Amino acid sequence: YDEAGEKTIEITGMLSPQNNVVRVYDNTWGDDIPETPQVALLRIKGITNEQRDKVIEYADSQKGKPYNFTFLLNRVNSYYCSDFVSRAIAHAGINVNYDYFVTTGSDMIASPNTYLVYYKEEIHTNEGIKYAIYYLVE
């Protein structure tokens with residue numbers, strides 16, 4: 001969301017109802033958050049600065065809209081997490097919804113328009129929980 005990478009604009013359905021809205025958060029995707037055993041960070045292939053600005057413009061214009069717990073219904077006035085991301089990117093003319101149905105994380109990973117740059121997975125061992133973290137480049 002910002003040039004320094006310290007902020008992200010997103011929506012989640014895991015907070016209190018009044019906080020389940022599109023809003024700006026501190027960027028904590030790299031933290032070892034116990035509730036998040038897997039994290040994948042994708043980038044858009046070949047995105048221009050103009051397209052990036054359009055993604056942010058769209059995302060900004062949606063602040064305050066609520067989380068969509070039905071996924072298929074009420075798509076005009078609400079979002080679920082990956083739907084919000086895919087529609088913001090689509091506003092810039094880029095499709096990341098691989099199957100053109102309900103957008104999932106798998107759709108975005110499988111999209112020919114994205115590439116994986118970071119992946120964290122939780123691993124359960126006899127010594128407890130550990131994390132494997134991978135940094136990938138295109």
Side-chain angles (χ1 to χ4, degrees):
Y1 180 73
D2 64 337
E3 289 294 328
E6 295 174 359
K7 301 288 182 184
T8 184
I9 186 165
E10 59 185 291
I11 188 165
T12 180
M14 301 185 309
L15 303 173
S16 58
Q18 68 272 17
N19 290 321
N20 290 334
V21 297
V22 175
R23 65 189 182 113
V24 175
Y25 295 82
D26 289 334
N27 189 352
T28 58
W29 60 265
D31 296 344
D32 288 340
I33 303 167
E35 312 83 60
T36 310
Q38 294 178 322
V39 174
L41 176 64
L42 303 170
R43 297 216 183 231
I44 306 299
K45 290 180 182 176
I47 192 167
T48 66
N49 288 336
E50 181 181 328
Q51 288 171 312
R52 180 183 169 274
D53 291 345
K54 285 185 177 202
V55 171
I56 293 169
E57 171 188 289
Y58 180 88
D60 270 336
S61 73
Q62 304 306 302
K63 285 182 191 169
K65 292 215 175 159
Y67 192 83
N68 181 352
F69 288 96
T70 62
F71 300 100
L72 291 174
L73 306 173
N74 194 24
R75 290 195 66 233
V76 174
N77 298 313
S78 62
Y79 299 93
Y80 58 92
C81 50
S82 50
D83 174 53
F84 174 67
V85 172
S86 107
R87 287 202 268 165
I89 294 167
H91 183 73
I94 302 166
N95 177 45
V96 294
N97 185 349
Y98 184 74
D99 65 5
Y100 296 93
F101 188 53
V102 175
T103 305
T104 64
S106 296
D107 282 318
M108 291 188 278
I109 289 170
S111 170
N113 294 320
T114 64
Y115 63 99
L116 186 66
V117 294
Y118 173 92
Y119 181 72
K120 178 191 84 173
E121 65 179 330
E122 183 179 276
I123 300 170
H124 295 263
T125 69
N126 291 337
E127 293 83 34
I129 296 174
K130 297 184 179 200
Y131 293 92
I133 299 175
Y134 307 92
Y135 294 92
L136 308 164
V137 292
E138 183 179 30

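Since this is a predicted model, take the numbers as computed values, not measurements. Side chains are part of it too, since the values below use all heavy atoms of this structure and drop only hydrogens, waters and symmetry mates.
With rounding to the nearest 0.5 Å, the separation of CD in E10 from OH in Y25 is 6.0 Å. Atom CD1 of I11 is separated from atom OG of S78 by 7.5 Å, given to the nearest 0.5 angstrom. Expressed to the nearest 0.5 Å, how far CG of L41 lies from OH of Y119 amounts to 13.0 Å. For the atom pair CZ of R43 and OG1 of T114, the computed distance is 12.0 Å after rounding to the nearest 0.5 Å. To the nearest 0.5 Å, the span separating CD on Q38 from OH on Y131 amounts to 11.0 Å. If you take CG on N20 and CG on N68, they are separated by 11.5 Å, rounding to the nearest 0.5 Å.
V22 and F71 fall within a single hydrophobic cluster, where Ile, Leu, Val, Met, Phe, Trp and Tyr side chains are chained together by heavy-atom contacts under 4.5 Å. Using a 4.5 Å cut-off between side-chain heavy atoms of Ile, Leu, Val, Met, Phe, Trp and Tyr, with links allowed through other members, I123 and I129 fall into different hydrophobic clusters. Taking hydrophobic clusters as Ile, Leu, Val, Met, Phe, Trp and Tyr residues chained together by side-chain heavy-atom distances below 4.5 Å, I89 does not share a cluster with Y100. No path of Ile, Leu, Val, Met, Phe, Trp and Tyr side chains, each step under 4.5 Å between heavy atoms, connects Y98 with I47, placing them in separate hydrophobic clusters. Placement of L136 and M108 within a single hydrophobic cluster is found when ILVMFWY residues are connected by side-chain heavy-atom separations under 4.5 Å, directly or transitively.
Residue A92 comes nearest to V55 through the heavy atom pair CB-CG2, 3.7 Å, listed as atom of the first residue, atom of the second, then distance. For the residue pair N97 and S86, the shortest heavy atom distance occurs at CB-OG, 4.5 Å.
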- prompt: Could you walk me through whether I133 and Y118 pass the side chain to side chain contact (heavy atoms under 4.5 Å, CB included) check?
  reply: CA-CA 7 Å; I133 299 175; Y118 173 92; 3.5 Å; yes

message: Would F101 and D107 count as a side chain to side chain contact (heavy atoms under 4.5 Å, CB included) here? Give the steps.
response: CA-CA 9 Å; F101 188 53; D107 282 318; over 6 Å; no

message: I'd like to know whether K7 forms a side chain to side chain contact (heavy atoms under 4.5 Å, CB included) with D26, so could you lay out the CA-CA distance, the side-chain angles of the two residues, the decisive distance to 0.1 Å, and finally the verdict.
response: CA-CA 5 Å; K7 301 288 182 184; D26 289 334; 2.5 Å; yes

- prompt: When you look at L42 and L116, which way does the side chain to side chain contact (heavy atoms under 4.5 Å, CB included) test go after all the steps?
  reply: CA-CA 5 Å; L42 303 170; L116 186 66; 3.7 Å; yes

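With contacts defined as side-chain heavy-atom distances shorter than 4.5 Å, the pair V24/I9 qualifies. Under the 4.5 Å side-chain criterion, counting only non-hydrogen atoms from C-beta, Y67 is in contact with Y80. Residues K45 and I94 have side chains not in contact (no heavy-atom distance under 4.5 Å, counting atoms from C-beta outward).
Remark: the backbone N or O of V96 is not paired with any side-chain donor or acceptor of N113 at under 3.5 angstrom. Judged purely by atom type and a 3.5 angstrom limit, D60 has no side-chain atom pairing as donor or acceptor with the backbone of E57.
Few gaps surround CZ on R52; more than 12 heavy atoms of other groups in view lie less than 6.0 Å from it.
By the ring pair (Phe, Tyr, Trp, His ring centres under 6.0 Å) test, Y134 pairs with no residue at all, sequence neighbours left out.
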